[in-house]
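Notes to accompany the following structure.
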Amino acid sequence: MRRTAIRLRLAGALAAVLVAGGIATGPAAQAGEEYGKEPTLADLAQRHGRYLGSATDNPELVDAPYKALLGSEFDQITPGNGMKWYATEPQQGVFDFSQGDEIVNLARANRQKARGHTLVWHSQLPGWLTEREWTAPELRAVLKKHVQAEVRHYRGKVFAWDVVNEAFNEDGTYRESVFYKTLGPGYIADALRWAHQADPRVKLYLNDYNIEGIGPKSDAYYKLAKELKAKGVPLHGIGLQAHLALQYGYPTTLEDNLRRFSRLGLDTALTEVDIRMQLPATEEKLAQQAEWYQDLTEACLAVRRCVGITLWDYTDKYSWIPAFFPGEGAALPWDEQLRPKPAYFALREALGGR
């Protein structure tokens with residue numbers, strides 16, 4: 001896709017904002033004082049009919065400066081973990097929505113939209129679910145009860161759900177989760193139908209990583225989405241997580257991929273965006289990262305049914321990357337001290353800000 005030059009509003013910011021393990025130095029402090037006086041990223045995105053959001057997690061909400069920026073810069077929030085199965089049904093039939101409620105209530109207080117994440121996933125399942133064998137009728141009943149209880153609880157409080165998360169392998173074959181192995185591929189359509197019954201107005205998505213570009217995995221989603229739509233299954237969108245890494249290259253077919261899902265009558269969203277790099281970060285890597293943030297934003301803006309972008313948290317301070325990818329990090333537009341990096345200004349540039 002077209003790559004444009006990054007024009008940074010603060011002279012020399014790109015050269016000066018260096019990150020060592022995710023912490024910026026130099027003129028970033030002055031940038032932090034100035035950028036808050038201008039339209040926020042959410043303000044700029046709204047001019048295009050899009051939202052610009054961030055994930056967050058419950059332990060982070062005791063950090064007052066972090067919480068303030070989360071509430072002022074973005075117009076959408078996704079709970080990183082608080083709505084996952086291990087948190088919401090820790091014992092069979094015993095539901096606990098307190099973590100998700102805290103974040104939904106925060107979003108409401110800030111007049112932000114909340115996204116539900118996630119109902120059916122192979123990971124972060126409670127032990128009672130994974131430590132025994134299930135018959136198909138047993139697991140089907142368990143899955144239906146969980147999906148409908150959670151969707152009913154958040155009915156009218158979230159605008160979209162990631163109903164099934166990460167259902168495919170990289171080669172486009174089905175991931176052999178407990179749900180697939182016990183119920184077969186039909187569990188996906190069932191989960192969508194059950195969610196729709198529980199909240200007929202909420203938008204229902206399938207969500208995955210490494211489906212930004214056209215390839216075997218995104219082809220599998222395209223094929224499945226086409227089949228589901230043909231059968232009248234309530235599917236409204238595809239979530240492209242967009243966990244990118246500089247060393248693996250930019251998904252140059254992103255815009256084309258968004259368009260083909262749009263042609264099926266589906267919305268798309270970039271749902272978990274971060275762009276990691278091998279540490280230490282350098283001026284060159286930060287410049288490349290900024291360009292990628294700008295490019296993926298422009299790709300979304302170019303496709304009418306790409307409805308919004310969500311950062312997978314907005315600051316390196318709370319990024320999941322270092323714990324899961326040792327030696328990598330600096331993935332987000334704000335550094336560990338909540339100061340904007342070149343990627344932040346690239347987002348502004350893409351959205352038409354100064």
Any chance the side chains of W128 and Q91 put a donor and an acceptor closer than 3.5 Å? no

May I ask you to say whether D208 pairs ionically with K217, meaning some side-chain N is under 4.0 Å from a carboxylate O? yes

Within this structure, what is the NE2-OH distance for the pair H243 and Y209, rounded to the nearest 0.5 Å? 9.5 Å

In the hydrophobic clustering that connects Ile, Leu, Val, Met, Phe, Trp and Tyr at side-chain heavy-atom distances below 4.5 Å, which members other than Y248 occupy its cluster, ordered by chain and number? none

I'd like to know whether Y293 forms a side chain to side chain contact (heavy atoms under 4.5 Å, CB included) with L311, so could you lay out the CA-CA distance, the side-chain angles of the two residues, the decisive distance to 0.1 Å, and finally the verdict. CA-CA 10 Å; Y293 269 104; L311 306 175; 3.9 Å; yes

Can you run down the disulfide (SG to SG under 2.5 Å) pairs that involve residues 300-339, sequence neighbours left out, and say none if there aren't any? C300-C306

Considering only residues two or more places apart or on different chains, which pairs with a residue in residues 260-269 satisfy side chain to side chain donor-acceptor pair (under 3.5 Å)? S218-R260, D219-R260, N257-R260, D267-R305

Before accepting this row, confirm whether a basic side-chain N of the pair D316/K341 lies closer than 4.0 Å to the acidic partner's carboxylate O. yes

Rounding to 0.5 Å, atoms NE2 (H122) and OG1 (T130) come to a distance of 12.5 Å

P126 versus P90, closest heavy-atom pair with distance: CB-O, 4.0 Å

Taking atom CD as the centre, does E176 end up with more than 12 heavy-atom neighbours from other residues, nucleotides or ligands that are less than 6.0 angstrom away? no

Mind checking what makes side-chain contact (heavy atoms from CB on, under 4.5 Å) contact with P326, not counting sequence neighbours? none

Does any non-hydrogen side-chain atom of R155 lie less than 4.5 Å from one of R201? no

Considering only Ile, Leu, Val, Met, Phe, Trp and Tyr, and joining two whenever side-chain heavy atoms are under 4.5 Å apart, list the other residues clustered with F324. W312, W320, I321, F325

Quick test of your reading of the model: are R276 and E328 salt-bridged, counting only N-O distances below 4.0 Å? yes

Suppose the criterion is disulfide (SG to SG under 2.5 Å): which pairs have a residue in residues 145-206, not counting sequence neighbours? none

Could you note down all residue pairs passing salt bridge (Lys or Arg N to Asp or Glu O under 4.0 Å) where residues 224-236 supplies at least one of them, sequence neighbours left out? K223-E227

Under a 3.5 Å threshold, yes or no: a donor from one side chain and an acceptor from the other, between T78 and Q76? yes

Rounded distance (nearest 0.5 Å) linking atom CZ of R175 with atom CZ of F168: 11.0 Å

For T56, enumerate each residue passing the side chain to side chain donor-acceptor pair (under 3.5 Å) test, keeping only those at least two apart in sequence or located in another chain. E60, Y66

Pairs where residues 104-115 contributes a residue and the test salt bridge (Lys or Arg N to Asp or Glu O under 4.0 Å) is met, not counting sequence neighbours: R115-D162

With sequence neighbours excluded, residues passing side chain to side chain donor-acceptor pair (under 3.5 Å) with E138: R132, T135

Show the numbers, then the answer: is there a side chain to side chain contact (heavy atoms under 4.5 Å, CB included) between K145 and F95? CA-CA 11 Å; K145 182 175 183 178; F95 291 89; 4.2 Å; yes

In the hydrophobic clustering that connects Ile, Leu, Val, Met, Phe, Trp and Tyr at side-chain heavy-atom distances below 4.5 Å, which members other than Y205 occupy its cluster, ordered by chain and number? Y51, F159, V307

Can a side-chain donor-acceptor contact be found between E284 and Q288 if the only test is distance below 3.5 angstrom? no

Which heavy atom of L347 sits nearest to which heavy atom of P333, and what is that distance? CD1-CG, 3.8 Å

Does any N or O in the side chain of H236 come within less than 3.5 Å of the main-chain N or O of L204, such that one atom is a donor and the other an acceptor? yes

Going by atom types alone, do Q112 and N110 pair a side-chain donor with an acceptor below 3.5 Å? yes

Which of these passes side-chain contact (heavy atoms from CB on, under 4.5 Å) with V164: L206, L224, T118, L119? L206

Side-chain heavy-atom pair V120, N165 within 4.5 angstrom cut-off: no

Between L270 and T310, is the side chain to side chain contact (heavy atoms under 4.5 Å, CB included) condition met? List the steps. CA-CA 6 Å; L270 305 180; T310 306; over 6 Å; no

For the residue pair A87 and Q99, what are the closest heavy atoms and their distance? CB-NE2, 3.9 Å

Test: R193 and D190 ion pair at under 4.0 Å: yes

Can you tell me which residue pairs pass the salt bridge (Lys or Arg N to Asp or Glu O under 4.0 Å) test with a partner in residues 77-105, sequence neighbours excluded? none

